[in-house]
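Inspection log for the structure reproduced underneath, given as C-alpha coordinates.
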Amino acid sequence: MIAFLESNAQKHSSNFKVIGFYTAKNDQAHISYVHEANKWFAKMAEEHHFVYDSTNNWQNLNLDFLSQYQVVLFLDTRPEVLEQRIAFQQYMEKGGAWIGFHFAGFALNNSTYPQNWDWYHEQFLGSGEYKSNTWRPTSAVLSIENPKHPAVKHLPKKFSSAPNEWYRWTNDLRKNTNIEVLLSIHPSSFPLGTGPKAHEIWHSGDYPVVWTNKNYKMLYVNMGHNDIDYEHKTNKDLSNTFQNKTQNQFILNALLWLGRK
(Lines give C-alpha, C1' and ligand atoms only; values in the text may rest on other atoms or scores of the structure.)
Protein backbone atom coordinates (compact mmCIF):
# COMPACT_ATOMS: atom_id res chain seq x y z
CA MET A 1 0.00 0.00 0.00
CA ILE A 2 1.33 3.43 -0.91
CA ALA A 3 1.58 5.69 2.12
CA PHE A 4 -0.05 9.08 1.74
CA LEU A 5 -1.28 12.13 3.63
CA GLU A 6 -4.76 13.45 2.96
CA SER A 7 -5.39 17.08 3.88
CA ASN A 8 -8.68 18.85 4.45
CA ALA A 9 -7.29 22.24 5.48
CA GLN A 10 -9.85 25.00 5.76
CA LYS A 11 -9.76 28.28 3.84
CA HIS A 12 -10.58 30.15 7.05
CA SER A 13 -8.56 30.25 10.25
CA SER A 14 -9.00 27.00 12.15
CA ASN A 15 -9.21 26.47 15.89
CA PHE A 16 -6.98 23.39 15.93
CA LYS A 17 -5.52 20.62 13.78
CA VAL A 18 -6.20 16.88 14.01
CA ILE A 19 -4.19 14.04 12.48
CA GLY A 20 -5.68 10.57 12.09
CA PHE A 21 -3.27 7.63 11.84
CA TYR A 22 -4.57 4.37 10.42
CA THR A 23 -3.52 1.07 8.86
CA ALA A 24 -6.78 -0.12 7.24
CA LYS A 25 -5.79 -3.62 6.21
CA ASN A 26 -6.41 -7.27 7.17
CA ASP A 27 -9.85 -7.00 8.82
CA GLN A 28 -12.64 -5.74 6.54
CA ALA A 29 -14.63 -4.52 9.54
CA HIS A 30 -11.77 -2.22 10.53
CA ILE A 31 -11.10 -1.17 6.94
CA SER A 32 -14.76 -0.23 6.50
CA TYR A 33 -14.74 1.75 9.74
CA VAL A 34 -11.53 3.64 8.89
CA HIS A 35 -12.80 4.79 5.50
CA GLU A 36 -16.06 5.86 7.08
CA ALA A 37 -14.21 7.67 9.90
CA ASN A 38 -11.97 9.63 7.55
CA LYS A 39 -14.99 10.92 5.63
CA TRP A 40 -16.88 11.79 8.80
CA PHE A 41 -14.01 13.63 10.49
CA ALA A 42 -13.36 15.60 7.30
CA LYS A 43 -17.03 16.63 7.22
CA MET A 44 -16.92 17.65 10.90
CA ALA A 45 -13.78 19.69 10.22
CA GLU A 46 -15.61 21.70 7.57
CA GLU A 47 -18.63 22.25 9.78
CA HIS A 48 -16.79 23.07 13.02
CA HIS A 49 -13.78 24.97 11.71
CA PHE A 50 -10.82 22.76 12.44
CA VAL A 51 -8.35 20.95 10.16
CA TYR A 52 -8.47 17.20 9.70
CA ASP A 53 -5.60 15.33 8.03
CA SER A 54 -5.11 11.58 7.84
CA THR A 55 -2.17 9.34 7.04
CA ASN A 56 -1.34 5.65 6.80
CA ASN A 57 2.38 6.44 6.99
CA TRP A 58 3.33 5.69 10.60
CA GLN A 59 6.80 7.10 9.97
CA ASN A 60 5.05 10.45 10.40
CA LEU A 61 4.68 9.59 14.06
CA ASN A 62 7.64 11.74 15.08
CA LEU A 63 7.87 14.89 17.17
CA ASP A 64 8.49 17.27 14.26
CA PHE A 65 5.37 16.07 12.44
CA LEU A 66 3.24 15.82 15.57
CA SER A 67 4.14 19.37 16.60
CA GLN A 68 1.81 20.60 13.84
CA TYR A 69 -1.24 19.01 15.49
CA GLN A 70 -3.21 19.54 18.68
CA VAL A 71 -5.01 16.15 18.53
CA VAL A 72 -3.82 12.73 17.34
CA LEU A 73 -6.25 9.93 16.49
CA PHE A 74 -5.36 6.24 16.29
CA LEU A 75 -8.23 5.04 14.14
CA ASP A 76 -7.49 1.32 14.13
CA THR A 77 -4.01 0.31 15.29
CA ARG A 78 -1.03 1.44 17.36
CA PRO A 79 2.61 2.12 16.36
CA GLU A 80 4.87 -0.93 16.33
CA VAL A 81 8.26 0.77 15.89
CA LEU A 82 10.12 1.76 19.06
CA GLU A 83 11.05 5.25 17.84
CA GLN A 84 7.41 5.96 16.96
CA ARG A 85 6.26 4.76 20.37
CA ILE A 86 8.79 6.98 22.13
CA ALA A 87 7.72 9.98 20.03
CA PHE A 88 4.06 9.41 20.86
CA GLN A 89 4.76 9.09 24.59
CA GLN A 90 6.78 12.30 24.53
CA TYR A 91 4.03 14.08 22.59
CA MET A 92 1.45 13.08 25.20
CA GLU A 93 3.70 13.90 28.16
CA LYS A 94 4.27 17.37 26.70
CA GLY A 95 0.52 18.08 26.59
CA GLY A 96 -0.64 16.65 23.28
CA ALA A 97 -4.15 15.19 22.97
CA TRP A 98 -5.30 11.80 21.70
CA ILE A 99 -8.36 9.68 20.95
CA GLY A 100 -7.92 5.98 20.25
CA PHE A 101 -10.67 3.85 18.75
CA HIS A 102 -11.45 0.17 19.18
CA PHE A 103 -8.48 -1.87 17.87
CA ALA A 104 -6.05 0.90 18.91
CA GLY A 105 -6.30 -0.56 22.42
CA PHE A 106 -5.88 -4.19 21.40
CA ALA A 107 -2.98 -6.22 22.74
CA LEU A 108 -2.85 -10.00 23.07
CA ASN A 109 0.30 -11.98 23.74
CA ASN A 110 1.12 -14.69 21.20
CA SER A 111 -0.69 -12.66 18.51
CA THR A 112 0.42 -10.20 15.84
CA TYR A 113 -0.15 -7.42 18.40
CA PRO A 114 1.40 -8.62 21.70
CA GLN A 115 1.42 -6.62 24.89
CA ASN A 116 4.98 -5.37 24.48
CA TRP A 117 4.39 -1.69 25.35
CA ASP A 118 3.85 -1.28 29.08
CA TRP A 119 3.60 2.51 29.12
CA TYR A 120 0.75 2.47 26.58
CA HIS A 121 -1.32 -0.51 27.70
CA GLU A 122 -0.69 -0.51 31.45
CA GLN A 123 -0.06 3.12 32.37
CA PHE A 124 -1.66 5.26 29.64
CA LEU A 125 -4.72 3.15 28.75
CA GLY A 126 -4.75 1.22 32.01
CA SER A 127 -6.57 -1.68 30.38
CA GLY A 128 -3.76 -4.20 30.04
CA GLU A 129 -4.35 -6.95 27.49
CA TYR A 130 -7.47 -7.69 25.50
CA LYS A 131 -9.37 -10.54 27.15
CA SER A 132 -12.41 -11.30 24.94
CA ASN A 133 -15.15 -9.74 22.82
CA THR A 134 -18.80 -10.05 21.93
CA TRP A 135 -19.88 -11.38 18.55
CA ARG A 136 -21.67 -10.49 16.28
CA PRO A 137 -21.40 -6.71 16.35
CA THR A 138 -24.54 -5.45 18.07
CA SER A 139 -25.87 -2.22 19.49
CA ALA A 140 -25.60 -1.70 23.27
CA VAL A 141 -27.32 0.67 25.65
CA LEU A 142 -24.60 2.88 27.11
CA SER A 143 -24.71 4.68 30.47
CA ILE A 144 -23.11 8.08 31.04
CA GLU A 145 -21.18 7.99 34.32
CA ASN A 146 -20.22 11.65 34.69
CA PRO A 147 -22.78 13.88 32.92
CA LYS A 148 -20.72 16.99 33.73
CA HIS A 149 -17.74 15.84 31.66
CA PRO A 150 -17.42 17.93 28.44
CA ALA A 151 -17.33 14.82 26.23
CA VAL A 152 -20.79 13.67 27.35
CA LYS A 153 -22.37 16.91 28.55
CA HIS A 154 -25.96 17.45 27.35
CA LEU A 155 -26.28 13.86 26.13
CA PRO A 156 -29.05 11.59 27.46
CA LYS A 157 -28.12 9.61 30.59
CA LYS A 158 -28.26 6.46 28.50
CA PHE A 159 -28.48 5.87 24.76
CA SER A 160 -28.24 3.09 22.19
CA SER A 161 -24.94 2.87 20.33
CA ALA A 162 -24.18 1.90 16.76
CA PRO A 163 -23.51 -1.85 16.36
CA ASN A 164 -20.04 -2.73 17.58
CA GLU A 165 -17.80 -5.59 18.66
CA TRP A 166 -17.32 -4.91 22.39
CA TYR A 167 -14.04 -5.62 24.20
CA ARG A 168 -13.19 -6.53 27.75
CA TRP A 169 -9.75 -6.34 29.37
CA THR A 170 -7.48 -8.07 31.85
CA ASN A 171 -7.24 -5.03 34.14
CA ASP A 172 -10.08 -3.70 36.29
CA LEU A 173 -10.25 -0.05 35.23
CA ARG A 174 -12.40 0.79 38.25
CA LYS A 175 -9.45 0.10 40.56
CA ASN A 176 -7.16 2.55 38.74
CA THR A 177 -7.44 5.98 40.39
CA ASN A 178 -6.03 7.65 37.26
CA ILE A 179 -8.88 6.35 35.10
CA GLU A 180 -12.27 8.04 34.85
CA VAL A 181 -14.89 5.92 33.09
CA LEU A 182 -17.29 8.04 31.02
CA LEU A 183 -19.43 5.41 29.29
CA SER A 184 -20.19 1.81 30.23
CA ILE A 185 -22.59 -0.88 29.07
CA HIS A 186 -25.99 -0.58 30.75
CA PRO A 187 -27.44 -3.82 32.22
CA SER A 188 -30.45 -3.55 29.89
CA SER A 189 -28.07 -4.46 27.04
CA PHE A 190 -27.76 -8.07 28.21
CA PRO A 191 -27.61 -10.54 26.64
CA LEU A 192 -25.12 -8.69 24.43
CA GLY A 193 -23.96 -10.42 21.25
CA THR A 194 -25.54 -13.20 19.25
CA GLY A 195 -22.78 -15.82 19.07
CA PRO A 196 -22.79 -18.49 17.71
CA LYS A 197 -20.23 -19.35 20.42
CA ALA A 198 -21.55 -19.10 23.98
CA HIS A 199 -18.58 -17.06 25.26
CA GLU A 200 -19.28 -14.43 22.60
CA ILE A 201 -22.54 -13.52 24.36
CA TRP A 202 -22.30 -11.50 27.59
CA HIS A 203 -25.08 -11.98 30.13
CA SER A 204 -23.85 -9.75 32.95
CA GLY A 205 -20.86 -7.77 34.16
CA ASP A 206 -19.28 -4.32 34.28
CA TYR A 207 -17.84 -3.19 30.95
CA PRO A 208 -16.36 0.33 30.58
CA VAL A 209 -16.28 1.34 26.91
CA VAL A 210 -15.06 4.96 27.04
CA TRP A 211 -12.60 6.37 29.56
CA THR A 212 -9.99 9.02 30.11
CA ASN A 213 -6.68 8.94 31.98
CA LYS A 214 -6.71 12.05 34.19
CA ASN A 215 -2.92 12.47 33.80
CA TYR A 216 -3.24 13.06 30.04
CA LYS A 217 -5.47 14.76 27.50
CA MET A 218 -6.92 11.56 26.08
CA LEU A 219 -9.92 9.31 25.52
CA TYR A 220 -10.15 5.67 24.60
CA VAL A 221 -13.33 4.82 22.67
CA ASN A 222 -14.19 1.14 22.21
CA MET A 223 -16.43 1.83 19.21
CA GLY A 224 -15.01 1.32 15.72
CA HIS A 225 -15.98 -2.07 14.25
CA ASN A 226 -18.64 -2.33 11.54
CA ASP A 227 -20.70 -5.46 10.97
CA ILE A 228 -19.68 -7.15 7.72
CA ASP A 229 -21.28 -9.89 5.61
CA TYR A 230 -18.53 -12.47 5.99
CA GLU A 231 -20.87 -15.45 5.75
CA HIS A 232 -21.82 -14.84 2.12
CA LYS A 233 -18.32 -13.56 1.26
CA THR A 234 -19.67 -10.26 -0.08
CA ASN A 235 -17.80 -8.13 2.52
CA LYS A 236 -20.80 -5.82 2.37
CA ASP A 237 -21.30 -3.37 5.24
CA LEU A 238 -24.19 -4.48 7.44
CA SER A 239 -23.78 -1.55 9.85
CA ASN A 240 -22.03 1.81 10.03
CA THR A 241 -20.43 3.42 13.06
CA PHE A 242 -21.25 7.01 12.10
CA GLN A 243 -24.96 6.60 11.46
CA ASN A 244 -25.85 7.05 15.12
CA LYS A 245 -26.70 10.67 15.94
CA THR A 246 -26.13 10.54 19.70
CA GLN A 247 -22.89 8.58 19.43
CA ASN A 248 -21.68 11.01 16.75
CA GLN A 249 -22.41 13.92 19.08
CA PHE A 250 -20.35 12.28 21.81
CA ILE A 251 -17.36 11.78 19.47
CA LEU A 252 -17.63 15.36 18.23
CA ASN A 253 -17.90 16.67 21.82
CA ALA A 254 -14.80 14.70 22.76
CA LEU A 255 -12.81 15.98 19.80
CA LEU A 256 -13.80 19.62 20.35
CA TRP A 257 -13.04 19.32 24.07
CA LEU A 258 -9.54 17.97 23.43
CA GLY A 259 -8.83 20.29 20.51
CA ARG A 260 -9.75 23.43 22.43
CA LYS A 261 -8.58 22.34 25.88
Side-chain angles (χ1 to χ4, degrees), residues 33 73-76 98-108 120-195 199-227 239 241-258:
Y33 160 74
L73 309 182
F74 288 176
L75 294 177
D76 63 339
W98 174 87
I99 304 177
F101 294 89
H102 193 63
F103 199 69
F106 183 91
L108 179 64
Y120 182 77
H121 293 286
E122 298 292 341
Q123 180 179 324
F124 181 64
L125 287 174
S127 53
E129 281 188 73
Y130 156 93
K131 193 171 184 179
S132 69
N133 60 267
T134 59
W135 193 256
R136 297 191 64 93
T138 51
S139 176
V141 177
L142 304 182
S143 295
I144 290 177
E145 301 210 5
N146 179 4
K148 295 182 179 180
H149 192 281
V152 294
K153 200 171 183 179
H154 304 307
L155 296 183
K157 291 182 180 179
K158 61 180 182 178
F159 65 92
S160 295
S161 73
N164 189 52
E165 173 196 55
W166 304 100
Y167 287 165
R168 68 183 180 123
W169 313 91
T170 55
N171 291 355
D172 185 348
L173 290 159
R174 305 285 186 182
K175 294 181 179 179
N176 189 330
T177 57
N178 295 322
I179 298 298
E180 179 181 6
V181 176
L182 299 183
L183 291 173
S184 60
I185 293 174
H186 189 270
S188 63
S189 301
F190 301 123
L192 186 61
T194 61
H199 72 268
E200 297 169 336
I201 306 172
W202 295 349
H203 295 276
S204 63
D206 176 29
Y207 302 101
V209 296
V210 175
W211 64 85
T212 183
N213 184 322
K214 291 178 281 188
N215 293 325
Y216 302 93
K217 293 164 60 176
M218 63 82 79
L219 277 180
Y220 173 74
V221 177
N222 193 209
M223 293 77 105
H225 184 111
N226 290 341
D227 194 12
S239 73
T241 298
F242 293 95
Q243 288 187 339
N244 182 292
K245 184 177 180 180
T246 305
Q247 182 174 290
N248 286 357
Q249 187 61 55
F250 150 66
I251 295 172
L252 178 62
N253 287 354
L255 185 60
L256 295 178
W257 165 61
L258 288 171

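The structure displayed is predicted, hence computed values, not measured ones.
Around atom NE2 of His203, more than 12 heavy atoms belonging to other residues, nucleotides or ligands sit under 6.0 Å away.
Side-chain atoms of Asn222 and Val210, non-hydrogen and from C-beta on, never get closer than 4.5 Å to each other. Using a 4.5 Å heavy-atom threshold, the side chains of Tyr130 and Arg168 count as separate. Between Leu142 and Phe250 the shortest side-chain heavy-atom distance does not fall below 4.5 Å. Side-chain atoms of Thr241 and Asn226, non-hydrogen and from C-beta on, do get closer than 4.5 Å to each other. When side chains are defined from C-beta on, Ile144 counts as touching Leu183, because their heavy atoms get closer than 4.5 Å. Taking the side chain as every heavy atom from C-beta outward, Asn146 and Val152 never approach each other to under 4.5 Å. With contacts defined as side-chain heavy-atom distances shorter than 4.5 Å, the pair Tyr33/Phe101 qualifies. In this structure, the side chains of Asn164 and Val209 stay at 4.5 Å or more apart for every pair of heavy atoms.
Between the CG atom in Leu155 and the CD atom in Gln247 there is a gap of 10.5 Å [rounded to 0.5 Å]. Distance CD1/Ile179 to CG/Asp172: 11.0 Å, rounded to 0.5 Å. Taking CD1 of Ile201 as the start and CG of Leu192 as the end, the distance is 9.5 Å to the nearest 0.5 Å. For the atom pair OG (Ser239) and CD (Glu165), the distance works out to 11.0 Å, reported to the nearest 0.5 Å. For the atom pair Thr212 OG1 and His149 NE2, the distance stands at 5.5 Å (nearest 0.5 Å). How far CD of Glu180 is from CG of Leu219: 9.5 Å, rounded to the nearest 0.5 Å.
Here the closest heavy-atom approach between residue Ser143 and residue His186 is recorded as OG-CD2, 3.0 Å. A pairwise comparison of heavy atoms in Gly105 and Leu125 identifies CA-CD1, 3.8 Å as the closest pair. The shortest heavy-atom contact between Ser160 and Ser139 is CB-OG, 3.9 Å. Across all their heavy atoms, Gly205 and Phe190 have their closest contact at O-CZ, 3.5 Å.
Here salt bridge (Lys or Arg N to Asp or Glu O under 4.0 Å) pairs that include residues 202-225, with residues two or more places apart or in two chains, are Arg174-Asp206. Counting only residues at least two apart or on different chains, the salt bridge (Lys or Arg N to Asp or Glu O under 4.0 Å) pairs with a member in residues 120-141 are Arg136-Asp227, Arg136-Glu231.
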Practice task
Any chance you could lay out the side chain to side chain contact (heavy atoms under 4.5 Å, CB included) test for Asn253 and Lys153, step after step, and finish with the verdict?
Solution key: CA-CA 8 Å; Asn253 287 354; Lys153 200 171 183 179; 5.6 Å; no
Problem - Audit row: Tyr216, Trp98, side chain to side chain contact (heavy atoms under 4.5 Å, CB included) steps and yes/no - result: CA-CA 9 Å; Tyr216 302 93; Trp98 174 87; over 6 Å; no
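One N or O on the side chain of Ser161 and one on the backbone of Ala140 form a donor-acceptor pair closer than 3.5 Å. Side chain of Thr134 to main chain of Trp166: a donor-acceptor pair is present (N/O by atom type, distance under 3.5 Å, no hydrogens or angles). A donor-acceptor pair is defined here as one N or O able to donate and one able to accept, closer than 3.5 Å; such a pair exists between the side chain of Asn176 and the backbone of Asn178. A donor-acceptor pair is defined here as one N or O able to donate and one able to accept, closer than 3.5 Å; no such pair exists between the side chain of Asp76 and the backbone of His102.
Taking the six-membered ring for Trp and the full ring otherwise, the centers of His225 and Trp135 sit less than 6.0 Å from each other. Remark: aromatic rings of Tyr207 and Trp202 are close, center separation under 6.0 Å.
Ring orientation note: the planes of Tyr167 and Trp169 are nearly perpendicular, at an angle over 60° on the 30°/60° scale. Ring geometry for Tyr120 against Phe74 counts as tilted: the plane angle lies between 30° and 60°, on a 0 to 90° scale.
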